[in-house]
Amino acid sequence: MQNKPTYINYGFHYGEGRPPAQAPGHPPPYYPTVPQYSNAPPVPINTHYTVTAGLPLTAAAPKAVSRSRCLCITAAVVFGLIVVAIAAVLIWYFLFGVCVLGRRCGQSDTCVYLSQWCDGQMNCPAGEDEAECFRFNGPHFILQSFSNEDQKWKVVCSDGWDDNVGKLACEQIGYSRSDYVGSGTVTPDSGAADGYMTLRSSYLNTLGSEPLHSSLSNSASCPMNAVVTLKCIDCGKSLTPGTRIVGGEVVSSLGLWPWQVSLQAMGRHLCGGSIITPSWIVTAAHCVQALPSPSQWTVYAGYLTLREMYSSTGNSVSQVIAHTGFDPETNTNDIALMKLRTPLQMSSSIKPVCLPNTGLDFSTLRAYYVTGWGATMSQGSASNELREAQVSLISRTVCNSQQVYNGLITDTMICAGKLQGGVDSCQGDSGGPLVTKENVLWWLVGDTSWGQGCALRNRPGVYGNMTFFLDWIYTQMKKY
């Protein structure tokens, strides 16, 4: 074993042989193509699919007249074709290319005017325009509401706000009332320069009779000079020591990464996942593509070794929801959710990680961590022990450079690892968490998605971009 064990980025491996069993007496694990850790020198592996008729002349017409008429007809035809082409481009541009005057409804082609967004009337086919009207900002969970009046996100004034209203807001976002933590207040900063959203006093008399965001109105001032902070779930807490070890070490204690779960089918570990509520797990879409039935999956939470799980019951799954925009050729939108049949019992070793709020500083300067039971060498067996490694976030510009992934990284992806190689995720890690710490809480930055080889130079791991998927996640949580 090397002094600094390394992760292998197997991210999303296509068509590779599956690693043999790592524990005697158990069937060999099947991997749906995923990143993982490595303690051995990486081996280069190709992980991707090998990537008008003319008009007749009249015989009676004189030659000069005929030529003139022909030129006129040709000009008219050319002009007509140009007009048709321009019209076709404009139709495509406005109806299918971009949503110029509004916002697109999720994966639908429907485009809704911003003035109709959060107006209390459902205009999107799946109701996204009324489901995405609140959001959290910054590490303190400052509540913001979308104003369809001037199409801006504004902080919510605390006047008239209490826990009953707070629970309704959490429900409207997608959380369960049973997970509610509480509301607080902070003094507004420069973020309130655009004004406030204030609860109408009449709403308190008819609490819950209409969507909460419909009862918020624009205001230039906030009489109590305090805005709402809202915790819908107790997330991001870990028994983390002050410092972490860099480079693929075995996790020594329960509770260090309490949101990490193993997703298993047919008694085998296939992928990782992250707890975001007692009922919901985030993973990668490519993990569930071949196994879409909830009855095929079992989720194991609160364990450090796969050996422990083999003698445990685990938690059954009631819903498997893969992003409908997932493209296995490009790995775009590689995210999925699992809803558990019975909510997990929270404990010191089972806790949710925080979904990322807007306004958080996910820069390339801070430390990030990946965890999982993935293979410890290319095409090797899964690790019986949960492992962790520190990685660095790599900018999209660098990751899309010709020397790295040459334009393959879309807005739905982020890169993390070491450009020099040696530290990465690999087979069996797919769907697992990429996290960072801010304001004493841990935040889910990405889900392990794909990569070329494991821990190779200029081939870092690629992860689903949680910030990009926030609206999608909350919409599914509210829907199901």
Side-chain angles (χ1 to χ4, degrees), residues 117-118 120 122 126-147 153-186 196-200 203-204 206-216 226-237 259 274-282 319 321 337 339-340 342-346 350-360 439 441-444 466-467 469-480:
W117 210 267
C118 302
M122 192 177 296
E128 295 95 335
D129 58 314
E130 299 303 314
E132 301 166 8
C133 300
F134 287 112
R135 72 180 189 184
F136 302 112
N137 184 267
H140 300 290
F141 294 84
I142 295 174
L143 185 65
Q144 294 182 323
S145 179
F146 184 78
S147 168
W153 287 96
K154 299 183 178 182
V155 291
V156 178
C157 179
S158 65
D159 289 20
W161 196 274
D162 60 22
D163 279 336
N164 289 324
V165 181
K167 289 177 182 178
L168 284 175
C170 288
E171 276 188 313
Q172 189 163 326
I173 292 169
Y175 289 98
S176 168
R177 291 176 72 96
S178 61
D179 298 327
Y180 180 76
V181 178
S183 298
T185 61
V186 294
Y196 304 85
M197 297 296 284
T198 303
L199 188 67
R200 295 198 307 267
Y203 182 73
L204 299 178
T206 59
L207 201 61
S209 61
E210 60 179 316
L212 177 58
H213 65 266
S214 300
S215 297
L216 294 172
V227 296
V228 175
T229 62
L230 186 63
K231 285 296 293 290
C232 295
I233 191 165
D234 190 19
C235 64
K237 295 181 179 178
W259 42 82
S274 303
I275 301 169
I276 55 172
T277 82
S279 295
W280 288 98
I281 308 296
V282 169
Q319 296 280 348
I321 308 159
L337 290 171
K339 186 176 184 181
L340 301 179
T342 303
L344 295 167
Q345 293 297 314
M346 298 294 100
I350 302 176
K351 294 178 183 291
V353 65
C354 295
L355 289 172
N357 298 337
T358 60
L360 289 176
N439 192 38
L441 297 177
W442 288 92
W443 306 84
L444 184 63
M466 283 301 117
T467 301
F469 294 128
L470 268 184
D471 286 345
W472 181 84
I473 292 172
Y474 285 132
T475 298
Q476 306 313 311
M477 287 168 55
K478 185 175 180 181
K479 182 178 179 180
Y480 294 97

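In this chain, numbering begins with 1 at the start of the sequence shown. Treat the numbers as computed from the prediction; the structure is a model and nothing was measured.
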Would you check if [X] and [Y] make a side-chain contact, meaning some heavy-atom pair closer than 4.5 Å?
| X | Y | value |
| --- | --- | --- |
| L360 | P139 | yes |
| W280 | I321 | yes |
| L216 | R200 | no |
| I233 | P278 | yes |
| R135 | L470 | no |
| C157 | L199 | no |
| T475 | E132 | yes |
| M346 | P352 | yes |

Over all heavy atoms of both residues, which pair between [X] and [Y] is shortest? Give the atoms and the distance, please.
| X | Y | answer |
| --- | --- | --- |
| S183 | G166 | OG-CA, 4.0 Å |
| P343 | S279 | CG-OG, 3.5 Å |
| S158 | T185 | CB-CG2, 3.6 Å |
| L230 | A169 | CD2-CB, 3.8 Å |
| G138 | N357 | O-ND2, 2.9 Å |

Under the side-chain contact (heavy atoms from CB on, under 4.5 Å) rule, what do N439 and H140 come out as? Steps first, then yes or no, please. CA-CA 8 Å; N439 192 38; H140 300 290; 3.4 Å; yes

Which residue in the set I275, I276, L444 passes side chain to side chain contact (heavy atoms under 4.5 Å, CB included) when paired with W259?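 The single option meeting the side chain to side chain contact (heavy atoms under 4.5 Å, CB included) with W259 is I275.
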
Roughly how far, to the nearest 0.5 Å, is the [atom2] atom of [Y] from the [atom1] atom of [X]?
| X | Y | atom1 | atom2 | value |
| --- | --- | --- | --- | --- |
| W472 | M466 | CH2 | CE | 9.0 Å |
| T277 | D234 | OG1 | CG | 12.5 Å |
| F136 | T229 | CZ | OG1 | 10.0 Å |
| Y480 | K339 | OH | NZ | 10.5 Å |
| C133 | F146 | SG | CZ | 8.5 Å |
| L355 | S274 | CG | OG | 9.5 Å |

Between W161 and L143, is a side-chain contact (heavy atoms from CB on, under 4.5 Å) present by the stated rule, with each step listed? CA-CA 12 Å; W161 196 274; L143 185 65; 3.5 Å; yes

Between D162 and V165 (side chain of the first, backbone of the second, donor and acceptor by atom type, cut-off under 3.5 Å), is there such a pair?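 Side chain of D162 to backbone of V165: a pair is present.
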
Quick one, Q144 with T358, criterion side-chain contact (heavy atoms from CB on, under 4.5 Å). Give me CA distance, side-chain angles, the key distance, then yes/no. CA-CA 10 Å; Q144 294 182 323; T358 60; 4.2 Å; yes

Could you go through the side-chain contact (heavy atoms from CB on, under 4.5 Å) check for V181 and Y175 one step at a time? CA-CA 11 Å; V181 178; Y175 289 98; over 6 Å; no

Do the ring planes of H213 and F134 sit parallel (below 30°), tilted (30 to 60°) or perpendicular (above 60°)?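 Geometry flag for F134 against H213: perpendicular rings.
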
Among residues two or more places apart or on two chains, list those pairs meeting salt bridge (charged side-chain N to carboxylate O under 4.0 Å, His left out) that have a residue in residues 167-181.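 Pairs touching residues 167-181 that pass the test: E171-R177.
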
Partner residues of Y196 under the side chain to side chain donor-acceptor pair (under 3.5 Å) criterion, sequence neighbours left out: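 Per chain and number, Y196 pairs via side chain to side chain donor-acceptor pair (under 3.5 Å) with no residue.
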
